[in-house]
Amino acid sequence: MPSLLCVAASAKICPTFLRIIESLFLDTPSSFEAAMGIFSPDQDTSEAVAQLKKLVDTLPAKARDSIVKLMEKIDKSLLCN
């Protein structure tokens, strides 16, 4: 299975990917859609990520904030650097 988080020459997570994930958890649906738009997703993908955003938005704000904080902690950990 190919890695979604790093390029072959680096184990570092792509900053743009992190921003998209952060947007998924913290931004409005329209802001998230705009962030995804730079990648020109096809219609099926656009609909799928819109559905994902709706599901994520059902989580309490505190839970979403905690998830983002965990992702930041993981990214900064010695296991990722």
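In the displayed structure, Glu22 atom CD is contacted under 6.0 Å by more than 12 heavy atoms of other residues, nucleotides or ligands.
In this structure, the side chain of Lys53 engages the main chain of Asp27 through a donor-acceptor pair within 3.5 Å. Side-chain atoms of Ser23 do not come within 3.5 Å of backbone N or O of Arg19 as any donor-acceptor pair.
A heavy-atom distance below 4.5 Å is not found between the side chains of Asp57 and Phe25. Between Leu59 and Ile67 the shortest side-chain heavy-atom distance falls below 4.5 Å.
With 3.5 Å as the limit, one finds a donor-acceptor pair spanning the side chains of Glu47 and Gln43.
Put simply, Phe39 and Val49 are part of the same group of oily side chains (I, L, V, M, F, W, Y) that touch within less than 4.5 Å, one to the next. Note on Met71 and Leu55: separate hydrophobic clusters, where clusters join Ile, Leu, Val, Met, Phe, Trp and Tyr whose side-chain heavy atoms are under 4.5 Å apart, directly or indirectly.
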Please test Lys69 against Asp65 for salt bridge (charged side-chain N to carboxylate O under 4.0 Å, His left out), starting from the C-alpha separation and ending with a verdict. CA-CA 6 Å; Lys69 287 176 186 173; Asp65 289 341; 5.9 Å; no
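Interatomic distance, Asp75 CG to Phe17 CZ, rounded to the nearest 0.5 Å: 11.0 Å.
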